[in-house]
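To keep things clear, I will list the structure first and then write my remarks on it.
Just so it is clear, the structure is predicted and the values come from calculations on it, not from any experiment.
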Amino acid sequence: MVSRTHGRLRRISIVLAAMAVPMLLVTPAHAEEDPQATAAPASPEAALAEKFAPIMSLVEQTEACGPGEPYVPSDVDIMFDNPAVALRGPWTQRDLVKAAPSMQDVAEGLPGYSLDLPGDPLDPQCSYEKWANAQWGKEPTPTIYARVAFQEGHEGRLALQYFFFYPFNDYNNKHETDWERIQLEFNAESAEEALELTPERAVYSQHYGSEFATWGEDPDGKLEIVDGSHPVVFVSAGSHANQFSSGVFMGNNAELGFGCDSTAGDQRTLQPLVKTIPTDEAAAAEQFPWTQYEGHWGEVGPRRFYEGPTGPNRKQAWNRPFSWSDKARESSFVVPGSGHINARVTETYCSVVGTASDLFRRYVSSPVYVLSLLGVALLAMRWLMRRTSWETEALPLHQRRSAGQVAHASWQLFREHSRLFLKISGPMIAINLLATGARSLGFINGAPWWWQALLIATACCALLAAAAASVHAIGAIADGRPVTFRGAYAASWRSAVAAAGPMLLAGAVIVFCLGSFVLTPIALALLAGWTLLLPLIVLGDVNGFRAWWRSLMLARRAWRTILPVTVLGLLLIVTAALLSAAVLFLIYPAPFVILNAVPRSSWPSCGHWS
C-alpha cells in the first residue's frame with residue numbers, strides 16, 4: 001500500500017516538474033524583452049536633444065513630381081553600402097574610386113572627394129525624387145541629427161545643434177543633397193544644466209546666412225513653439241532654407257539667397273526621429289563614422305556652381321557655433337500678405353531670377369543648344385521689326401502712320417520735350433506715392449470707407465488732369481505754340497472735367513468686361529476703341545458722350561494701327577514698372593512701401609486699390 005502511494009506521488013511530482021520547466025524558460029525571456037529592464041538611461045545630451053527637438057513644417061506636395069516639397073529630413077545611413085552611390089576622387093571629372101562606399105571608407109576624411117548620386121543636377125526633371133522614393137521609401141521616417149557644441153572663449157554658453165539632410169536641392173543653384181541646420185543657445189555649462197533651463201534664442205540657417213529669434217520674448221510672435229520646448233521650422237520648398245513663418249522671402253545676395261524662398265501653402269508637420277551625435281570627437285567617430293568625412297555629399301564635376309555641399313563638420317558652426325550665430329540677421333525680407341501689387345512685384349522678381357537661373361543652367365549644360373535658340377529668337381525679332389516702317393518725323397502730328405511709326409514718333413516727341421512731360425507727370429506721381437505710402441504703412445487701415453474713397457478719387461483726378469495736360473501740350477507743340485507746365489494744366493482743366501464722366505463710364509465698362517474671361521477680348525477692343533476719347537475732348541472740342549462714338553468710329557478705321565499701339569503701350573508701362581521695382585530690390589532691398597510705389601505711380605491708380 002505504501003509502495004503504491006509512493007509511486008503515485010512520484011508520478012505527480014514528475015508531472016508538476018514538467019509543467020514548471022516551460023514557466024522557468026518563459027520568465028527570463030520576458031525579462032530580456034522588457035525595455036525598462038535593459039534599456040540604458042539616455043545621456044544628458046540625448047535627453048536635451050529630445051526635449052527641444054524641432055517640429056518641421058514642409059509645403060505639402062499633392063502630386064508626385066509636382067509643386068511643393070517632396071523630400072523630408074532623411075537618415076544618411078542609406079547613402080552607404082548602396083550600389084546606387086559612387087565615391088569619386090578629385091583628380092579628373094570621372095574619378096571612380098569605389099561603388100557602394102561604406103562609412104568606414106569616408107571616415108578617412110577624403111577632402112575633395114565626392115559622393116555621386118545617379119542623375120544630372122543640371123537637368124534633374126523628376127529623377128532625384130524617384131530615386132529618393134526608391135531608397136528611403138515613399139513614406140520615410142523623418143530623421144535629424146543633434147549635437148551639443150561648445151566654443152573656446154564662450155564659457156558658460158552651450159549650443160544645441162540640429163542638422164537636416166535632404167536628397168536634393170531643387171533651387172536656382174540645383175545640386176545633389178543638401179545639409180541645413182538650426183541652433184538653440186543656452187546660458188549653461190553642460191547638457192545637465194541646460195535641461196533645467198530654456199534657450200536664450202534660436203538661429204536658423206538660410207543659404208549662406210542665418211536669422212535669429214529670441215526664445216519666448218518675441219513681441220511679434222516670430223518664433224512658434226509647441227508644448228513650450230519644440231520650435232517650429234518652416235522649410236522653404238526646394239532650397240530647404242529654414243524660416244520662422246509661412247510666406248515668400250526675397251533675397252538678392254548669397255546670405256539671403258539669390259531669388260525667392262517660399263514656405264507658403266498647405267503645410268504638413270513632422271516630428272522627426274532624433275539621433276544624437278556625441279560631443280566627444282572619438283565617440284562621434286565611433287558611433288557616426290560619416291562625421292569624419294571631409295568631401296562633398298553630391299556630384300562635383302566641372303560645374304562647381306552646382307556642386308554637392310560639404311557635411312556639417314566642414315561648416316564653421318561645427319567647432320565655432322557662436323562665431324557663426326553672431327552674424328545672424330534679425331529679420332528676412334518677407335513679402336507682406338495683403339495687396340495684389342505686392343504679389344505682382346514678387347512674381348516679377350521671382351520669375352526674372354528663376355528664368356535667368358534656368359537659362360544659365362541650360363547654357364552650362366548645353367551651350368550650343370542655348371546659343372542656337374537665342375540666335376533664332378534674334379533673327380525672328382529682326383524679321384518682325386522689319387515688317388513695319390519705323391522712320392518718321394514727330395511733326396506734323398496729323399498724318400497717316402503705321403504702328404511702328406506711331407511708336408517712333410511718340411518716343412521722339414517725348415525725348416525732345418522730356419522736361420515738360422516729366423513736370424506734367426510730377427503731381428500725379430507725388431500724389432500716388434503719398435497715397436501708396438499711407439496705405440502700405442497702415443495709416444488708413446480701419447479708416448472710414450469715405451476716407452479711402454477720397455484717396456481713390458484724388459488719385460484718379462490726378463491721373464486725369466495729367467493726361468489732359470499732356471494732350472494739350474502735344475497739341476500746342478504740333479501747332480508751334482509755346483507751352484509750359486502751368487499753362488498746360490490751366491488750359492486743359494475744363495476739358496478734363498468734361499472728360500471725367502465719359503471716361504469713368506468707359507473705364508467701368510472695360511473693368512466689367514475684364515471680370516469675365518469670355519469678355520476679355522471685348523474689353524481689349526473697347527480699350528483700343530476709346531483710346532482717342534480724351535484727345536477728342538481736349539483737342540477736337542467734342543462734347544461729352546459724343547466723343548464716345550466719334551472715338552470708336554475713328555479707331556475702327558485705323559484699328560491695325562491703334563490696337564497694336566495700345567497693346568504695346570500697356571506692355572511697356574506694366575513691364576517697365578515691375579522690372580523697375582525688381583531691379584530696385586536687386587540693387588538695394590528697399591521696403592515694400594517703396595517697391596509698391598514704383599508700379600503704383602506708373603499704372604492707372606483707380607483700378608489698383610482693392
Mind checking whether [X] and [Y] have side chains closer than 4.5 Å, heavy atoms only?
X    : Y    : answer
N242 : F234 : no
D170 : E129 : no
P70  : F168 : no
Q61  : R268 : no
F485 : P427 : yes
D266 : T62  : no
W324 : S205 : yes
L463 : I431 : no

Is a side-chain donor or acceptor of [X] paired with a backbone partner of [Y] at a separation under 3.5 angstrom?
X    : Y    : result
S262 : V248 : no
S425 : L422 : no
S57  : T269 : no

Between [atom1] of [X] and [atom2] of [Y], what distance do you get to the nearest 0.5 Å?
X    : Y    : atom1 : atom2 : result
L536 : T531 : CG    : OG1   : 10.5 Å
Y204 : S325 : OH    : OG    : 14.0 Å
S418 : K423 : OG    : NZ    : 10.5 Å
D178 : S239 : CG    : OG    : 7.5 Å
E416 : I477 : CD    : CD1   : 8.5 Å
L534 : L539 : CG    : CG    : 8.5 Å

Looking at every heavy atom in both [X] and [Y], which two are closest together, and how far apart are they?
X    : Y    : answer
N173 : H175 : O-CD2, 3.1 Å
S323 : Q316 : CB-NE2, 3.7 Å
L420 : A473 : CD2-CB, 4.1 Å
G529 : S551 : O-OG, 2.5 Å
F421 : L413 : CE1-O, 4.0 Å
A488 : A469 : CB-O, 3.7 Å

Could you tell me if S332 and E211 have a donor-acceptor pair between their side chains, going purely by distance under 3.5 Å?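 Judged by distance alone, the side chains do pair up.
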Using a 6.0 Å cut-off, check whether atom CZ of R329 has over 12 heavy atoms from anything other than its own residue.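 Yes - once you tally the heavy atoms of other residues, nucleotides and ligands closer than 6.0 Å, there are more than 12.
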Looking at R550, I want to see if its CZ is surrounded by more than 12 non-hydrogen atoms of other residues, nucleotides or ligands under 6.0 Å.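 Counting neighbours around CZ of R550, 12 or fewer heavy atoms of other residues, nucleotides or ligands fall under 6.0 Å, so no.
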In terms of the angle between their ring planes, are Y71 and H240 parallel, tilted or perpendicular, with boundaries placed at 30° and 60°?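 Ring orientation of Y71 relative to H240: perpendicular.
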Among residues at least two apart in sequence or on other chains, which ones pass salt bridge (Lys or Arg N to Asp or Glu O under 4.0 Å) with D123?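 Expected list: none.
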Checking E224 now: which residues fulfil salt bridge (Lys or Arg N to Asp or Glu O under 4.0 Å) with it, not counting sequence neighbours?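 Salt bridge (Lys or Arg N to Asp or Glu O under 4.0 Å) check on E224 returns nothing, list empty.
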Between E330 and F212, is a side chain to side chain contact (heavy atoms under 4.5 Å, CB included) present by the stated rule, with each step listed? CA-CA 6 Å; E330 190 173 359; F212 75 88; 4.0 Å; yes
Just grab all the side-chain hydrogen bond (donor to acceptor under 3.5 Å, both in side chains) pairs involving residues 471-490, residues at least two apart or on different chains.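 Checked against side-chain hydrogen bond (donor to acceptor under 3.5 Å, both in side chains) - neighbours excluded - the pairs reaching residues 471-490 are D479-R481.
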Assess whether side chain to side chain contact (heavy atoms under 4.5 Å, CB included) is satisfied between F249 and Q206, documenting all intermediate values. CA-CA 11 Å; F249 303 83; Q206 297 165 355; over 6 Å; no
Stepwise side chain to side chain contact (heavy atoms under 4.5 Å, CB included) test for H207 and D261: CA-CA 10 Å; H207 303 283; D261 284 311; 2.6 Å; yes
